[in-house]
Amino acid sequence: ADCQYPGCNDQGYTAYCLMPYGWDIFFCGSFGNDWGCPDPCPAGTYSSSCTSCPAGKYSAAVGASSSSACTSCEVGAYNSAMGVGQCTPCPAGTSSASGSDAL
């Protein structure tokens with residue numbers, strides 16, 4: 001992440017970081033680096049704490065800011081795991097309902 005104000009030191013200043021979802025404020029050192037800025041959360045997660053999308057949903061976006069980025073699997077696909085970037089297509093001859101977390 002790109003930090004506009006890398007004002008980190010041992011006195012606990014904050015850093016203003018440009019994340020994929022916009023500007024955010026982080027406490028310095030909270031992510032184990034000099035700038036206090038986290039890496040963007042991976043696909044399948046959202047928010048600055050990288051919360052996993054639930055089973056039956058996915059998010060292809062990197063650095064998503066809210067749970068609205070988690071999209072239900074389409075008809076004919078499923079996802080039984082949390083925190084994934086795509087759903088798995090159903091095998092030939094089978095189907096599933098929208099948002100399915102199992103075959």
Side-chain angles (χ1 to χ4, degrees):
D2 176 35
C3 292
Q4 183 182 38
Y5 178 69
C8 297
N9 63 28
D10 60 0
Q11 296 177 9
Y13 288 102
T14 56
Y16 298 89
C17 306
L18 180 59
M19 302 301 290
Y21 54 85
W23 288 99
D24 208 341
I25 299 172
F26 297 92
F27 290 105
C28 295
S30 59
F31 296 96
N33 58 38
D34 292 337
W35 304 110
C37 294
D39 292 327
C41 290
T45 65
Y46 64 93
S47 82
S48 60
S49 60
C50 299
T51 304
S52 294
C53 292
K57 295 190 174 196
Y58 74 100
S59 174
V62 173
S65 62
S66 73
S67 62
S68 63
C70 299
T71 305
S72 292
C73 293
E74 296 181 6
V75 172
Y78 70 98
N79 171 24
S80 58
M82 294 174 53
V84 299
Q86 63 184 15
C87 295
T88 303
C90 293
T94 65
S95 190
S96 64
S98 176
S100 182
D101 62 2
L103 259 177

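Hydrogens, waters and symmetry mates are skipped; everything else that's a heavy atom, side chains included, is used.
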Using residues 72-92 as the side-chain source, report each donor-acceptor pair under 3.5 Å to any protein atom, sequence neighbours left out, with the distance given to one decimal.
unit_1	atom_1	unit_2	atom_2	d
Asn79	OD1	Ala81	N	3.0
Asn79	ND2	Lys57	O	2.6
Asn79	ND2	Ala81	O	3.1

- Message: side-chain contact (heavy atoms from CB on, under 4.5 Å), that's the test. Do Ser67 and Tyr46 meet it? Break it down for me.
- Response: CA-CA 6 Å; Ser67 62; Tyr46 64 93; 3.6 Å; yes

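Among the candidates Cys41, Ser47, Ser49, the single residue satisfying the side chain to side chain contact (heavy atoms under 4.5 Å, CB included) test with Thr45 is Cys41.
Partners of Ser68 by side-chain hydrogen bond (donor to acceptor under 3.5 Å, both in side chains), not counting sequence neighbours, listed by chain and number: Ser66.
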